[in-house]
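Remarks on the structure that follows.
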There are 2 protein chains.
Amino acid sequence: MIAGWEDIRAEVLRRIRVRDWPPGALIPTEEALAGEFGCARATVNRALRDLAEAGVLERRRKAGTRVAMLPVRKATLDIPVIRQEVEARGQAHAFRLLSAREEVPPVPVASRMGLAPGARLWWVETLHLADGRPFVHETRWLNPAVLPQPLPDFGKVSANEWLVAHVSYTTGDIAFSAEGADGREADVLGVAPGTALFITERSTWTAEAPITFVRLAHAPGYRVQTMV
Amino acid sequence: MIAGWEDIRAEVLRRIRVRDWPPGALIPTEEALAGEFGCARATVNRALRDLAEAGVLERRRKAGTRVAMLPVRKATLDIPVIRQEVEARGQAHAFRLLSAREEVPPVPVASRMGLAPGARLWWVETLHLADGRPFVHETRWLNPAVLPQPLPDFGKVSANEWLVAHVSYTTGDIAFSAEGADGREADVLGVAPGTALFITERSTWTAEAPITFVRLAHAPGYRVQTMV
DNA sequence: AGTGATATTATGTCTGCACATAATCCGAGC
DNA sequence: GCTCGGATTATGTGCAGACATAATATCACT
């Protein structure tokens, strides 16, 4: 019996799929499974922990392990740098800096970044191109107080890439939504105003201070896709 | 030094953040770190493996472990059942079955499901309501060949929930996009045609056969959000 | 019946060791 | 200089045993 932890995970998953162990059911203990599969408990633990992380199992000390009742499936998506995203489609990436200036952000942006109204930020507007055609319109607020100085020329270096290269790993959140193109977006992306656009909004933080808030308005046809 | 694997992970992450170990740098071997932290190699392995899964580190046998150059950040999002999603907002969930019949799917759907053109499927159209207001328009193709019979009355049980409860854990893929509302969607959701809608498309498979393909057209204002 | 201390139990984590595996390094041979 | 193949090495995985932790179960006592 060649039982690596992945084999055990597969077997457990199989039993769940064929409803040997239906949703909500308590499955045998790690010790019992280790006995059955003829391996160490640690190996079973590895397999079950992995399934629990994927949302298939729910584990609690002493209570045991049960099959998740409502499988809140977890999809993981990669958030690549825009250049990589374009190149992964086999297209050539380029970008144009449309504007960059110091400015006081509108109140909703300031509040979303957790800043007092009136704080001065950098505003950078970029259009990314795939094979010369508009791909995504990037509007970004940067907090100069927490960035390494001096800021580079964002006409030469994409703000997107400069940040991941020069600002250390951070936390943040991402939101996806759909909005009709406003006048500026329609103009820049070359679509009719009101056209449905896929919007990504991301804010990034160090431990304490906000670093950047970016809004990406993707050209029509853009999809975010992932396997589950 | 009370060093559990989470402490080690935190310390490694700290060193990356303060650029002790800048992007691309090779970090010490597991053995060296184990010596430094005064713990077993397995414990260091656990910590580093976790960071690698998160996309912060890249590990290769013999080559060693290095800090990811371009941090392809991985966001994980939960895909709950629609009822849970509505209730999580503190709203009351209800749904209305708009139509359910046997039908031959259009070619794009059949091909996306990997079925020969002409296969007969079930077509179910549902409107989900949050506090009585349109929330999402669900159009779903079901493959009766692989479903437990008899199919229930989808006017009483939401197809969404019946599937997660009665069809075992499966694989599939999800795609998000933005589209203008077509006539039917505009009508059902009570918006103007062409309004930007957030679209979720999901296909689900057993090991071999397609189970269902569903398209969710969300009412304006819908967002998918996640922390990174 | 209710309540609180205690025993029990399943998972969580760690150790120390071993061998497997993959990738690089490096030298022999051409 | 080049290629091929073996030595080296860092990570991947496994095992047996141990203790920690959290949650449940039980039982004595009020």
Side-chain angles (χ1 to χ4, degrees), chain A residues 1-16 20-69 71-72 74 76, chain B residues 1-16 20-69 71-72 74 76:
Chain A
M1 188 170 303
I2 358 87
W5 70 271
E6 288 181 295
D7 300 299
I8 293 177
R9 181 183 59 184
E11 171 60 13
V12 170
L13 201 51
R14 190 193 64 79
R15 292 188 189 179
I16 293 172
D20 258 6
W21 297 332
L26 203 59
I27 77 173
T29 68
E30 294 187 345
E31 215 159 31
L33 289 174
E36 181 190 340
F37 292 126
C39 66
R41 186 169 76 90
T43 309
V44 175
N45 181 286
R46 183 92 156 77
L48 298 188
R49 183 173 10 105
D50 199 71
L51 288 171
E53 269 166 25
V56 175
L57 295 176
E58 284 169 8
R59 323 195 68 196
R60 268 164 56 220
R61 278 169 166 147
K62 161 79 183 177
T65 301
R66 51 184 67 240
V67 181
M69 194 71 88
V72 178
K74 282 169 185 151
T76 73
Chain B
M1 188 172 302
I2 358 85
W5 70 271
E6 288 181 294
D7 299 299
I8 293 177
R9 181 182 59 182
E11 171 60 14
V12 169
L13 202 50
R14 189 192 65 79
R15 293 188 188 177
I16 293 173
D20 257 6
W21 296 333
L26 204 59
I27 77 173
T29 67
E30 296 187 344
E31 215 159 33
L33 289 174
E36 181 191 340
F37 292 125
C39 65
R41 187 170 75 91
T43 309
V44 175
N45 181 287
R46 183 90 158 78
L48 298 188
R49 181 164 23 94
D50 199 71
L51 288 171
E53 269 167 24
V56 174
L57 295 176
E58 284 169 7
R59 323 194 68 196
R60 268 163 54 221
R61 278 168 166 146
K62 160 78 184 178
T65 301
R66 52 183 67 241
V67 181
M69 194 73 86
V72 178
K74 282 170 185 153
T76 72

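Chain letters run A, B, ... following the sequence lines, proteins first, then strands; residues in each count from 1.
Here the rule is side chain to side chain contact (heavy atoms under 4.5 Å, CB included) with A:V67, and of A:I27, A:V12, A:L26, A:D20 only A:I27 fits it.
Along DNA chain D, the stretch of nucleotides lying under 4.0 Å from any heavy atom of chain B spans, 5' to 3', D:dT8 to D:dT13.
B:E53 and A:E53 get closest at one heavy-atom pair: OE1-OE1, 4.2 Å. Residues B:A68 and B:P23 approach most closely at O-CB, 3.7 Å, considering heavy atoms.
In this structure B:R15 satisfies the salt bridge (Lys or Arg N to Asp or Glu O under 4.0 Å) test together with B:E11, B:E36, sequence neighbours excluded. Taking the side chain to side chain contact (heavy atoms under 4.5 Å, CB included) definition, one finds that B:T76 meets it with A:T76, sequence neighbours left out.
Neither OP1 nor OP2 of C:dT13 sits under 4.0 Å from any side-chain N or O of A:N45.
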Pairs under 3.5 Å (N/O, protein and nucleotides 14-18 of chain C):
{"residue": "C:dC14", "atom": "OP1", "partner": "B:W5", "partner atom": "N", "Å": "2.5"}
{"residue": "C:dT15", "atom": "OP2", "partner": "B:A40", "partner atom": "N", "Å": "2.7"}
{"residue": "C:dT15", "atom": "OP2", "partner": "B:T43", "partner atom": "OG1", "Å": "2.4"}
{"residue": "C:dA18", "atom": "N6", "partner": "B:R41", "partner atom": "NH2", "Å": "3.3"}

What N/O pairs connect the protein and nucleotides 3-9 of chain C at under 3.5 Å? Give each pair on its own line.
{"residue": "C:dT9", "atom": "O4'", "partner": "A:K62", "partner atom": "NZ", "Å": "3.2"}

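Separation of atoms CZ (B:R66) and CZ (B:R60) is listed at 7.5 Å; rounding is to 0.5 Å. With rounding to the nearest 0.5 angstrom, the CD1 atom of B:I8 is 12.0 Å from the CG atom of B:D50. Atom CG of A:L51 is separated from atom CZ of A:R59 by 9.0 Å, given to the nearest 0.5 angstrom. Here CG of B:L57 is found 6.5 Å from OG1 of B:T65. Values are rounded to the nearest 0.5 Å.
Taking atom CG of residue A:L57 and atom P of nucleotide C:dG12, one finds them 11 Å apart after rounding to whole Å.
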Going by atom type alone, with no hydrogens or angles, which donor-acceptor pairs under 3.5 Å involve a side-chain atom of residues 42-49 of chain B and a protein atom two or more places apart or on another chain?
{"residue": "B:N45", "atom": "OD1", "partner": "B:R49", "partner atom": "NE", "Å": "3.4"}
{"residue": "B:N45", "atom": "ND2", "partner": "B:E30", "partner atom": "OE2", "Å": "2.9"}

